[in-house]
Peer 1: 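Okay, handing you the structure first.
What you are looking at is a predicted structure, and each value in this text was computed from that prediction instead of being measured.
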Amino acid sequence: MDMSAGEAKYEQLLVNVLGPIELWSFSTTPGDTALRSRLYKRIHFARALRMLATVFPSGTANSEIERRKSERMNVFGLATDEAFAGVLDELADEIVGGRGVAAGLYETLRAIDEQSELEFTTG
């Protein structure tokens, strides 16, 4: 954006960075899309995205999915597809239940809501 003031010319660079909810909305990796779809079937999409963004703020669960998949394949001797599906079901259960990788999720969401409400009423 260019702007002139008197004889001086100012230039400002604006950067728009996606937040975790947007990153989850646009993720197209197979693991992320499958996890997101599982949650969409169980809870409202907006809540699912919010939960995913809170548990995995980087916008992906890929490393956790791959870690768990490898563990299932090595320890239990499962086939890739079977291990992948099991991991996705397990992660979805943990997120909805607020346990495991999502331990403390509901308390965190409640605190965020309270802070937002406070900012709205005092802002």
Peer 1: Ignoring hydrogens and angles, write down the donor-acceptor pairs under 3.5 Å from the side chains of residues 84-101, residues two or more places apart or on other chains.
Peer 2:
from	atom 1	to	atom 2	distance (Å)
Asp89	OD1	Arg38	NE	2.7
Glu90	OE1	Arg68	NH1	2.9
Glu90	OE2	Arg72	NH2	3.3
Asp93	OD1	Arg42	NH1	2.6
Asp93	OD1	Arg42	NH2	3.3
Glu94	OE1	Arg68	NH2	3.0
Glu94	OE1	Val101	N	2.8
Glu94	OE2	Arg68	NH1	2.9

Peer 1: Taking only residues two or more places apart in sequence or in another chain, which ones pass side chain to side chain contact (heavy atoms under 4.5 Å, CB included) with Tyr106?
Peer 2: Arg47, Met51, Arg110

Peer 1: Which ILVMFWY residues are connected to Leu23, directly or by a chain of links, through side-chain heavy atoms under 4.5 Å apart?
Peer 2: Leu18, Phe26

Peer 1: For residues 17-26, pull every pair meeting side chain to side chain donor-acceptor pair (under 3.5 Å), keeping only residues two or more places apart or in separate chains.
Peer 2: none

Peer 1: Say you draw a straight line from CD1 of Ile43 to CG of Leu39; how long is it, rounded to the nearest 0.5 Å?
Peer 2: 5.0 Å

Peer 1: Holding to salt bridge (charged side-chain N to carboxylate O under 4.0 Å, His left out), I want the full list of residues that pass it with Asp113, two or more places apart in sequence or in another chain.
Peer 2: Arg50

Peer 1: Checking one residue: Phe76. Which other hydrophobic residues are in its cluster under the side-chain 4.5 Å linking rule?
Peer 2: Val75, Leu78

Peer 1: Look at atom CZ of Phe45 and say whether more than 12 heavy atoms of other residues, nucleotides or ligands are closer to it than 6.0 Å.
Peer 2: no

Peer 1: Does Glu7 have any side chain to side chain contact (heavy atoms under 4.5 Å, CB included) partners at least two apart in sequence or in another chain, and if so, which?
Peer 2: none

Peer 1: Sequence neighbours left out, what passes side chain to side chain contact (heavy atoms under 4.5 Å, CB included) with Thr108? Give chain and number order.
Peer 2: Thr54, Ile112

Peer 1: Are the side chain of Ser70 and the backbone of Arg67 linked by a donor-acceptor contact shorter than 3.5 Å?
Peer 2: no

Peer 1: Can you name the closest pair of heavy atoms from Ile21 and Ala53 and give their distance?
Peer 2: CG1-CB, 3.6 Å

Peer 1: Could you pull out all residues at least two apart from Thr29 that satisfy side chain to side chain donor-acceptor pair (under 3.5 Å)?
Peer 2: Asp32

Peer 1: Got a sec, which residues hit side chain to side chain donor-acceptor pair (under 3.5 Å) with Glu114, two or more places apart in sequence or on another chain?
Peer 2: none

Peer 1: My understanding is that only residues two or more places apart in sequence, or in another chain, count here; which of them pass side chain to side chain contact (heavy atoms under 4.5 Å, CB included) with Thr80?
Peer 2: Lys69, Met73

